[in-house]
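One structure is given below, encoded as structure tokens.
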Amino acid sequence: MDLLNWQQIDQFSNVAGGPAEKRTSQVITYRAAVPGGWLVAMFKWDRETRAPKGGEVDVDIANSVGLTFVADPVHNWNTMVRPG
């Protein structure tokens, strides 16, 4: 059971590089109304793939999470909420 009503408010994806090296990043931001303001969470995923010619493919994956509180006692923060 989810105790907070999380709303997705932003999403960003990026792919860069070429055939030998490729980096993919994705960031998704959510918010939830809590007493006194908003709890905001950001999730980031990075994946880097290197495939040197004639070599073995190497993959690095990194994940990170950020969480913060935004004071807004009357919940006036209006933003477009993504369906999700």
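Heavy atoms only: backbone and side chains are in, while hydrogens, waters and symmetry mates are out.
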### Message
Once rounded to the nearest 0.5 Å, what's the spacing between atom CH2 of Trp45 and atom CD of Gln26?
### Response
5.5 Å
### Task
Find the distance between CZ (Phe12) and OG (Ser25) and round it off to the nearest 0.5 Å.
7.0 Å
### Query
How long is the gap from NZ on Lys22 to CZ on Arg47, to the nearest 0.5 Å?
8.0 Å
### Query
Do any N or O atoms from the side chain of His75 and from the backbone of Ala33 form a donor-acceptor pair under 3.5 angstrom?
no
### Task
Calculate, to the nearest 0.5 Å, the distance between atoms CD and CZ belonging to Gln11 and Phe43 respectively.
12.5 Å
### Query
Would Ile9 and Val27 show up in the same hydrophobic cluster when neighbours are defined by side-chain heavy atoms closer than 4.5 Å?
no
### Query
Is it the case that one hydrophobic cluster holds both Val74 and Trp38, taking links as side-chain heavy atoms less than 4.5 Å apart, direct or via other members?
no
### Message
Is there a continuous path of hydrophobic side-chain contacts, each under 4.5 Å between heavy atoms, that joins Met42 to Trp6?
### Response
no
Please tabulate, one pair per line, all N/O donor-acceptor pairs under 3.5 Å involving side-chain atoms of residues 55-62, not counting sequence neighbours.
unit_1, atom_1, unit_2, atom_2, d
Asp58, OD2, Arg50, NH2, 2.6
Asp60, OD2, Arg50, NH1, 3.4
Asp60, OD2, Arg50, NH2, 2.7

### Query
Can you tell me how far NZ of Lys44 sits from OG1 of Thr29, rounded to the nearest 0.5 angstrom?
11.5 Å
### Message
Treating Asp72 as the side-chain partner and Trp77 as the backbone partner, does any N or O pair qualify as donor plus acceptor under 3.5 Å?
### Response
yes
### Task
Indicate the atoms forming the closest heavy-atom contact of Val34 with Leu39, along with that distance.
CG2-N, 4.0 Å
### Query
Would you say the side chain of Ile28 lies within less than 4.5 Å of the side chain of Asp10, judging by non-hydrogen atoms?
no
